[in-house]
J.: 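Before I ask anything, here is the structure I am working with.
Just so you know, ligand 1 is whichever comes first in the structure, and atom 1 is the first atom listed for that ligand.
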Amino acid sequence: MSTAEKTTISPATAELFDQYVIPNYGRFPVALVRGEGSQVWDDQGNCYLDFFPGWGCNLLGHCPAPIVEAVQEQAGQLIHVPNTWYMEAQGQWAKLLSERSFGGQAFFCNSGAEANEAAIKLARLHTPSQRYKIITFQGGFHGRTYAAVTATAQPKYHEDLGPMLPGFVYAPFGDLEAVRSKIDDETAAIMVEPIQGEGGIRLPPEGFLAGLRELADEHGLVLIFDEVQAGCGRTGKWFAHQHFGVEPDIMTLAKSLCGGVAGAAMLASKELAPSLRPGMHAATFGGNPIAARAGIAAIEMIEQHNLLDRAVELGEAFRAQLQPLVDELAFITELRICGLMIGLEFSVDATPLVQSCLEQGLLINCTQGNVVRLLPALTLTDEELQKGCHILIAAIRQYAEALAANT
Ligand SMILES: *Cc1c(COP(=O)(O)O)cnc(C)c1O
């Protein structure tokens with residue numbers, strides 16, 4: 001693997017983006033052209049080791065062979081048909097998801113935000129009509145559509161967008177008493193990420209999810225788990241909530257659901273599902289044949305290669321690499337790991353580490369300004385783990401030295 005000699009894009013590509021692409025993303029000056037497993041190449045021939053493949057979507061690495069084959073085969077047969085027809089693959093996909101979760105039924109759509117919209121609608125449809133409020137959590141992230149971004153209790157995502165959708169109530173993540181105090185006769189649901197992703201890989205305190213389940217049962221509320229980032233095998237179980245022995249009424253999935261192909265789902269218990277009556281909701285591309293085949297292939301690949309166990313093993317290997325550093329360097333405040341959801345929190349701005357790792361050929365992410373977030377592929381090799389951690393640790397040490405020299 002070569003170090004990125006120069007991270008730059010061609011003037012022609014820069015010109016296209018300047019002229020024709022809305023600048024709503026902060027982009028690194030790198031144009032990626034090819035990927036394989038945990039490696040990805042740019043158009044200058046630089047190779048990068050990817051500890052954040054596809055923003056968590058490429059759970060099985062770049063271009064996993066079973067997904068590529070399923071998509072290629074399906075693309076030659078039938079690319080898209082709408083939900084006015086039956087598609088065998090969609091039914092099989094729903095069955096596989098149901099059997100690995102809480103036995104519910106699936107609604108398919110195309111993105112995490114869309115799955116959460118469906119969940120919010122279903123919660124309101126299922127509860128009596130005066131109940132419309134949804135309790136969500138500070139530091140959470142649920143997507144960018146209006147309901148999903150209103151559910152996202154982070155002021156920076158609401159700036160200049162108001163008025164937001166009425167009916168959302170925010171509580172501190174982990175605080176059961178605060179949740180209890182916010183429940184009233186108009187509350188319909190509680191919506192939470194079992195592990196907050198964008199919020200900094202935050203694990204729920206002991207008993208928190210079980211406490212939410214109890215509150216929901218006590219007050220007749222719908223419990224929604226947003227597993228868009230944590231679900232589908234990333235944490236070493238099919239779904240993150242399975243670590244905590246608590247089941248939701250509704251669960252949303254996207255990101256890694258189809259091994260890198262766009263696709264999303266909302267699963268609802270058999271009791272709630274009929275409340276999404278015919279005609280009440282839809283997604284034109286939802287559960288299309290290509291997404292369905294990719295989704296099935298992703299589940300099969302995880303099982304055939306024991307990748308849930310591998311996620312746990314890799315997570316522990318990351319811990320062995322990174323924990324000594326946490327103990328040694330005062331500016332690292334905490335290491336949080338659940339399978340291959342990894343957050344390393346600093347007491348200082350951690351964004352410079354993204355650039356310094358990029359220059360050394362390692363792709364990582366920083367969220368909330370001070371948490372290095374890694375969402376590596378379940379197919380990462382031991383050698384890749386060693387190599388990437390070596391780069392990351394060197395970058396952290398260098399940063400510590402630079403900060404010390406400046407004080
Ligand atoms: C990424 C994410 C979303 C939004 O998914 P999109 O596909 O970008 O709409 C929602 N919830 C969580 C927990 C996420 O991580």
J.: Taking non-hydrogen atoms only, is H142 closer than 4.0 angstrom to ligand 1 via side chain, backbone, both or neither?
T.: backbone
J.: At less than 4.0 angstrom from any non-hydrogen atom of K255, what atoms of ligand 1 do you find?
T.: 1 (C), 2 (C), 3 (C), 14 (C), 15 (O)
J.: Do any nitrogen or oxygen atoms of D226 come within less than 3.5 Å of a nitrogen or oxygen of ligand 1?
T.: yes
J.: With a heavy-atom distance limit of 4.0 Å, tell me whether E114 approaches ligand 1 through its side chain, its backbone, both, or neither.
T.: neither
J.: Heavy-atom pairs closer than 4.0 Å: do any link ligand 1 to the side chain of N116, the backbone, both, or neither?
T.: side chain
J.: Do any N or O atoms from the side chain of R131 and from the backbone of T187 form a donor-acceptor pair under 3.5 angstrom?
T.: yes
J.: Answer whether the closest heavy-atom distance between the side chains of F108 and N288 falls below 4.5 Å.
T.: no
J.: Would you indicate whether the side-chain heavy atoms of M341 and L375 approach each other to under 4.5 Å?
T.: yes
J.: Which of the numbered atoms in ligand 1 are below 4.0 angstrom from a heavy atom of Q229?
T.: 15 (O)
J.: List the closest protein heavy-atom neighbour of atom 8 (O) of ligand 1: residue, atom name, distance to the nearest 0.1 Å.
T.: G112 N, 4.9 Å
J.: Checking side chain to side chain contact (heavy atoms under 4.5 Å, CB included) for the pair L353/F346: CA distance, chi angles, key distance, verdict?
T.: CA-CA 11 Å; L353 291 167; F346 290 74; 3.6 Å; yes
J.: Check the orientation of F331 and Y399. Use parallel for under 30°, tilted for 30 to 60°, and perpendicular for over 60°.
T.: tilted
J.: Can you list the atoms of ligand 1 that are under 4.0 Å from a heavy atom of S111?
T.: 7 (O), 9 (O)
J.: Is G143 in polar range of ligand 1, meaning some N or O pair under 3.5 Å apart?
T.: no
J.: Using a 3.5 Å cut-off on N or O atoms only, is A113 in polar contact with ligand 1?
T.: yes
J.: With a cut-off of 4.0 Å, which atoms of ligand 1 are near a heavy atom of E193?
T.: 13 (C)
J.: Could you tell me the separation between the CG atom of L374 and the CG atom of L314, rounded to the nearest 0.5 Å?
T.: 12.0 Å
J.: Quick test: of every protein heavy atom, which one is nearest to atom 12 (C) of ligand 1, and how far off is it to 0.1 Å?
T.: F141 O, 3.3 Å
J.: How does A254 reach ligand 1, if at all, at less than 4.0 Å between non-hydrogen atoms: by side chain, backbone, both, or neither?
T.: neither
J.: Quick one: does Q90's side chain get under 4.5 Å of N83's, heavy atoms only?
T.: yes
J.: Run the ring-centre check on F244 versus F208 and record whether the distance is less than 6.0 Å.
T.: no
J.: Have a look at C47 and tell me which of Q39, R34, E36 forms a side chain to side chain contact (heavy atoms under 4.5 Å, CB included) with it.
T.: Q39
